[in-house]
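Before any comments, here is the structure.
In this text, all values refer to a predicted model and were calculated from it rather than measured experimentally. Note that the numbering runs from 1 along the sequence shown for the chain.
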Amino acid sequence: MGKVFAFHGGIHPPENKKQSTRTPIATAPIPAVLTVPIQQHIGIPAKVLVNVGDQVLKGQMIAAAEGRISASVHAPTSGKVVDISMQPVPHASGLSAQCVVIETDGQEQWSETQGLADYTALSKPELIDFIRDKGIAGMGGAGFPTDVKLHLGDDHIVNTLIINAAECEPYITADDMLMRERADRIVRGIEVIHHLLKPHHVVIGIEDNKAHAIRVLEEQLKGHPLNIDIVVVPTKYPSGGEKQLIKLLTGVEVPSGGIPADVGIVCQNVGTAAAISDAVFDGKPLISRIVTITGDAARKPQNFEALIGTPFDTLLEAADVDRNALSRLVCGGPMMGFTINDGSIPVIKTSNCVIAATADEMPPAPPAQACIRCGMCEQVCPAELLPQQLHWFAKSRELDKAKHHNLFDCIECGACAYVCPSSIPLVQYYRFAKSEIRNEEAEQRKAELAKQRFEARLARQEQEKLEKEARRKARAADAAKAQAQKAAAPVSQPASSEDELKKLKTAAAVARTKLKKAQTALDKAKADGGDDIAQLDLQFQQAQQASDKAAAALASAEVGQTDAAKPAVDTKQLKTAAAVARTKLKKAEKALASAEEKGQDDLDALRATVKELTQKADAAQQALEQADSGTSAPAAPDTKQLKTAAAVARTKLKKAQSALALAQEQGADNADELAKTVAELEAKAAAAQAAFDAAESGSSSAQPQDKTAELQADVDKAKQTLEKAQKALTAAQASGSPAVDKMRAGVEKLEKKYQDAVAALQAVKGSTEKPAAEPELDLKALKQTVSIMRTKLKKAEKALAEAPDDTALADEVARLTQSHDEAKQAFEAGEAKQIEQAAAQGIDLKQLKIDAAMARAAVTKIERAIKKASEQDSDLRELETELVGAQQHADKLNTTLSQFE
């Protein structure tokens with residue numbers, strides 16, 4: 001027996017321990033459902049490893065330790081996970097926590113568990129990790145992860161290991177019964193702890209009211225090789241407190257804010273030692289614990305070994321609690337426990353007692369009265385604090401003063417409240433003050449972190465500003481250097497002419513932007529039926545004239561500059577002008593087609609615009625062709641340019657043919673005029689194709705070959721026109737158009753024309769073989785046919801829905817459905833063929849369309865930036881130069897794309 005010292009304060013409340021020690025520890029029934037919280041310890045909650053619907057085995061890890069201070073959680077029995085949600089847990093706050101709900105199957109089927117044959121063969125970190133994986137946490141009530149305490153020997157010199165067997169709080173006898181019945185497990189657990197910490201001395205501190213447990217421990221330790229002493233201390237509350245027990249056994253006082261390891265001491269509970277023994281020697285994780293069920297309402301008070309997650313109601317039923325007599329249910333002891341109102345709250349690793357008290361046993365607390373400054377609270381405080389001062393500080397929210405008076409040294413034992421004659425709930429005030437201080441400190445940490453982030457952001461912005469200024473100065477220096485070199489170099493051309501050309505390019509770009517805006521405003525007004533159409537049309541005409549004038553000035557200046565320098569003819573600008581003209585023509589043609597489809601009234605003006613733009617496009621193309629032909633006499637023709645010209649001619653012809661087919665189908669009045677336009681475009685397309693064929697073959701002077709190519713082109717075009725007319729006739733017949741007879745006559749004429757072309761070609765070739773080349777597909781016409789058929793089909797289906805018994809209408813729907821499907825199949829086949837043709841030329845048609853759309857979007861974006869900059873009176877020169885380049889890029893992509901449209 002060692003010397004027993006004393007600690008300040010303490011009280012002697014009624015023990016009430018004998019009621020629950022009359023019978024041995026019993027095994028609690030397995031409930032139908034176990035609710036297992038994932039945080040049953042101090043520190044970070046464990047990380048859930050299972051999902052709803054999973055089958056789990058007894059001892060299987062269902063939540064892994066997360067972070068340094070944490071503990072794993074295991075399935076207490078086998079069953080099925082039915083829920084993972086927030087559930088009520090045993091806590092003084094009454095709040096819920098995340099839990100894994102397991103529906104038990106009653107089979108108690110274990111997972112693979114195995115103890116260590118020789119734990120001394122493992123290294124210290126490996127053995128501690130093994131204990132950590134078994135989820136061992138302090139069983140005395142605090143729930144501190146045991147593996148953290150076992151690591152204390154790494155940074156501290158551990159002289160003394162204290163095993164806490166005092167169990168000082170009234171009513172609780174869980175540790176007492178554990179020592180009586182399972183002392184061997186406690187001793188084996190002490191051996192493992194001793195192996196890890198290597199203390200010089202091991203002391204078991206136990207109160208003198210546990211004579212039976214003392215005798216059993218002494219018998220177990222007889223002849224034991226370790227230096228283990230049993231020290232019996234007087235029964236006084238709270239002698240089981242960690243710091244108080246250290247003072248009793250060693251006379252050493254743990255400093256304020258410190259831990260026992262700072263003075264070379266480590267404390268472990270007897271229940272924790274037994275759990276370590278089960279984990280190391282049997283491989284059993286912490287899935288059950290001994291719980292005392294007592295109180296006057298319990299007819300059979302005793303200790304139960306209950307699975308973690310067992311509802312308190314199950315234990316109360318096992319102890320035969322009288323529900324009528326039950327007045328208050330306390331989780332823990334009467335001094336440090338808390339009242340609960342829900343019997344479904346589960347047992348956790350720190351649940352050591354449940355008191356089923358009657359009204360006489362634990363009457364309601366009387367109302368608190370004013371403090372009379374008797375000083376009794378200070379006399380019984382085991383931490384040697386000033387409870388009265390702390391109470392006033394907490395009540396007046398002077399939290400800094402409370403903290404400076406060592407508030408956090410309070411162990412919340414309740415001794416001060418027990419002796420208070422004014423019935424002041426002092427512990428509740430201390431808990432409130434602690435939580436407020438913790439919240440304030442957390443907010444301060446967040447504020448400090450936010451301040452650091454803000455200062456880092458300011459520093460980063462300042463650094464970026466300095467770097468930007470440095471780059472600007474570097475650019476200015478480079479520009480000055482370049483300007484000086486330019487001034488020193490011989491000038492081959494006046495600088496003024498270059499500046500003038502740049503200004504003309506900018507003016508042309510601005511004029512085109514204004515023209516587009518005016519056209520957009522006019523189109524919108526026409527679509528909305530506005531009253532200012534005439535004024536917008538006038539603005540559009542003025543913008544058109546200004547754009548043409550600026551373009552002409554720019555072209556003249558470029559030609560003059562080229563003539564002055566006398567280089568070879570540069571067709572790049574002429575190509576751009578031709579592409580721009582074609583783009584404008586396309587937009588006008590689309591507007592005309594849209595207006596004709598909607599039946600608007602201003603078709604004549606749009607037709608005139610289309611005709612005018614067609615002439616301009618032809619003139620630009622002719623200028624380009626003349627420039628190409630006039631470069632060098634012996635040079636071979638530019639087959640790429642001729643191919644583009646042929647493709648453009650075919651595109652114009654396709655559009656005209658589509659417009660003719662639509663006009664014929666609808667019986668429009670301008671069908672004859674469109675037919676003439678188609679004939680003219682057929683001739684131009686044939687000539688362009690013949691020129692390309694001659695240039696590609698390299699024998700343009702060979703007249704027979706040119707004649708054959710020209711006749712072959714006539715045959716192809718005639719066949720293509722014939723097939724389109726036949727498709728239009730078929731669509732008109734399907735829709736019951738009144739222009740069927742007129743279209744049939746046109747088809748007959750086209751058939752005769754096709755036969756004549758074939759005969760002429762055969763005469764030249766000297767062969768009766770018919771041309772086998774397939775006609776080019778007009779996807780736009782096919783797509784338009786699909787759209788028309790879909791519209792008619794929807795109308796027919798709607799009419800059939802209103803009159804479902806109409807047989808004729810049902811037949812019409814079936815016929816239209818078939819026609820629509822056939823047209824759709826033809827369009828999809830043509831689209832696939834078009835993609836193949838483009839791929840044969842090394843062009844990704846889909847990507848080309850995307851690039852063209854992105855290029856157009858880039859032009860629009862720059863135009864918007866110019867508008868915004870002009871409103872802010874900013875410098876437009878850089879944006880306008882950028883607009884010219886973007887427009888040229890977009891025109892180039894549109895020109896390439898037009899070959900496949």
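- Pairing each heavy atom of I136 with each of A275, the nearest pair is CD1-O, 3.8 Å.
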- Task: For S288 and E305, run side-chain hydrogen bond (donor to acceptor under 3.5 Å, both in side chains): C-alpha distance rounded to whole Å, both residues' side-chain angles, the deciding distance at 0.1 Å, then the answer.
- Result: CA-CA 7 Å; S288 65; E305 183 171 7; 3.1 Å; yes

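- Formation of a donor-acceptor pair under 3.5 Å by the K349 side chain with backbone atoms of I308 is not found in this model.
- The two residues T294 and P301 come nearest to each other via the heavy atoms CA-CB, 3.9 Å.
- In terms of heavy-atom proximity, T272 sits nearest to M139 at OG1-N, 3.0 Å.
- With hydrogens and angles disregarded, no donor-acceptor distance shorter than 3.5 Å links the side chain of K17 to the backbone of P170.
- A distance-only check finds a donor-acceptor pair linking the side chain of R289 to the backbone of S351 [under 3.5 Å].
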- For side-chain hydrogen bond (donor to acceptor under 3.5 Å, both in side chains), just list the numbers for T173 and T21, CA-CA rounded to whole Å, side-chain angles, deciding distance to a tenth of an Å, and then say yes or no. CA-CA 7 Å; T173 60; T21 58; over 6 Å; no

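- A donor-acceptor pair under 3.5 Å is absent between the side-chain atoms of Y171 and the main chain of T292, judged by distance alone.
- The only member of K247, E207, Q244 that meets side chain to side chain donor-acceptor pair (under 3.5 Å) when paired with S239 is E207.
- For the pair K243 (side chain) and D409 (backbone), a donor-acceptor distance under 3.5 Å is absent.
- At most 12 heavy atoms of other shown residues, nucleotides or ligands fall within 6.0 angstrom of atom CZ in R373.
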- Item | Test log, rule salt bridge (Lys or Arg N to Asp or Glu O under 4.0 Å), inputs D208 and K236 | CA-CA 10 Å; D208 56 11; K236 183 170 71 168; over 6 Å; no

- Message: D342 vs S344, test: side-chain hydrogen bond (donor to acceptor under 3.5 Å, both in side chains). Steps then yes/no.
- Response: CA-CA 5 Å; D342 188 356; S344 65; 2.7 Å; yes

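- Of the possible donor and acceptor atoms, one in the side chain of N164 sits under 3.5 Å from a partner among the backbone N and O of G240.
- At least one side-chain heavy atom of R397 sits under 4.5 Å from a side-chain heavy atom of F432.
- Residue K403 places its NZ atom among 12 or fewer non-hydrogen atoms of other residues, nucleotides or ligands, all under 6.0 Å distant.
- The pair R180-D176 meets the salt-bridge criterion, with a side-chain N (NZ, NE, NH1 or NH2) lying under 4.0 Å from an Asp/Glu carboxylate O.
- Not less than 6.0 angstrom separates the ring centroid of F393 from the ring centroid of Y429.
- Using modelled atom types, no side-chain atom of Q40 and backbone atom of G143 make a donor-acceptor pair closer than 3.5 Å.
- Counting only distance, with no hydrogens or angles, the side chain of E169 and the backbone of M336 share a donor-acceptor pair below 3.5 Å.
- Panel note: side chain K134, backbone G283; a donor-acceptor pair is recorded below 3.5 Å.
- At distances below 3.5 Å, not a single donor-acceptor pair connects side-chain atoms of H74 with backbone N or O atoms of K58.
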